[in-house]
Amino acid sequence: MAQRIQRPGSAPPSNNNAPGSPPDLGGQVDDARKSVLSILKDTDWPKEASNDVQDLMREMGAPLALNKLPKEEAKVPEEVKTAIHQLLGHLESAQTRLNGESEKYGTKKKGFKKRVKKVFSRNDPTQCKEVVRGCRADIEGSSTTLNDILDGLEARNKQRVSRSTGDESNGPAGTHATQPDSTSNSHVNAQNDATQTAQPSNSPQDQCSPQRNQVPTSNA
């Protein structure tokens, strides 16, 4: 594990927890990113690697949704923990590799005497570029993975909240059962009454009526 070097003028490690307690996962990532950024800013890089250094510095400033993480590590989902530890591993590896290159080229600090560069028989700028590019590729990949996981968790949480709110608004089961439609029943009853009125009557008076039952006889 790379040792975090506190350089002059750099910010102290962030710790939002109680005094004396280690930083949470989000704080560990912030501290590691600041350490890498400090090396990048302080080193007198060869001009051949300046563009790659700027790209890596921009990557160190890219936003991560770490503020959405629970402060208690026990409440952080396992897939998020795995992604964070992978990112931390790449950040710590970058510190070690960048420190090695920084020792070759020395540091620059305003207001401080420039550290004497170590004399090497060969300082290859191409090798320096490859180191910086490799660090950026590792950190960018693990940062993207972490952001994708955090975005997915946030989307699923919103869906659960939406479903829960919808269930509460619908109330207990059976509350909205369909009630009989009095208007429809009245219409059906009216139709039944009309049908009964139209049917022929079978009363005894109708059966005995001479006009309906009298059979004409001949006078033969």
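Worth saying up front: this structure is predicted, and the values here are computed from it rather than measured.
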Which pairs of donor and acceptor atoms, one on a side chain in residues 146-154, lie under 3.5 Å apart (sequence neighbours left out)?
from	atom 1	to	atom 2	distance (Å)
N147	ND2	P63	O	3.4
E154	OE1	K68	NZ	2.6
E154	OE2	K68	NZ	3.3

Using a strict cut-off of less than 4.0 Å between a Lys/Arg side-chain nitrogen and an Asp/Glu carboxylate oxygen, indicate whether E103 and R97 qualify as a salt bridge.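 Not counted as a salt bridge, because no side-chain N and carboxylate O are separated by less than 4.0 Å.
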Between K75 and D24, is there a salt bridge with N-O shorter than 4.0 Å?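 Salt bridge: no.
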Closest non-hydrogen atom pair, [X] against [Y]:
X	Y	result
L87	I139	CD1-O, 4.0 Å
A32	L91	CB-CD1, 3.7 Å
L56	C135	CD2-CB, 4.1 Å
S142	Q86	CB-OE1, 4.1 Å

Give a yes or no answer on whether the side chain of [X] reaches the backbone of [Y] with a donor-acceptor pair at less than 3.5 Å.
X	Y	result
K129	V53	no
S35	D31	yes
S102	L98	no

For R33, salt bridge (Lys or Arg N to Asp or Glu O under 4.0 Å) partners two or more places apart: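 Listed in chain order: nothing, the list is empty.
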Stepwise side-chain contact (heavy atoms from CB on, under 4.5 Å) test for E79 and T82: CA-CA 5 Å; E79 59 181 329; T82 300; 5.7 Å; no
Verify side-chain contact (heavy atoms from CB on, under 4.5 Å) between K104 and Q127, making sure each step is shown before the conclusion. CA-CA 11 Å; K104 297 178 184 180; Q127 180 182 355; 3.6 Å; yes
What residue among L40, D42, V36 forms side-chain contact (heavy atoms from CB on, under 4.5 Å) with S38?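 Among L40, D42, V36, the one meeting side-chain contact (heavy atoms from CB on, under 4.5 Å) with S38 is D42.
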Looking at [atom1] of [X] and [atom2] of [Y], how far apart are the two atoms once the value is rounded to the nearest 0.5 Å?
X	Y	atom1	atom2	result
E59	Q54	CD	CD	13.5 Å
L25	D30	CG	CG	11.0 Å
K47	S50	NZ	OG	9.5 Å
E140	D55	CD	CG	9.0 Å

Close side-chain approach of E48 and T126, heavy atoms under 4.5 Å: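 No, side chains not in contact.
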Heavy atoms, side chains only, cut-off 4.5 Å: are V131 and C128 in contact?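 They are not in contact (no side-chain heavy atoms under 4.5 Å apart), so the answer is no.
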side-chain contact (heavy atoms from CB on, under 4.5 Å) between V132 and E101, worked out: CA-CA 9 Å; V132 176; E101 294 302 310; 5.9 Å; no
Show, in sequence, the C-alpha distance, side-chain angles and deciding distance for I84 and Q28, and conclude whether the side-chain contact (heavy atoms from CB on, under 4.5 Å) test is met. CA-CA 9 Å; I84 289 177; Q28 293 178 41; over 6 Å; no
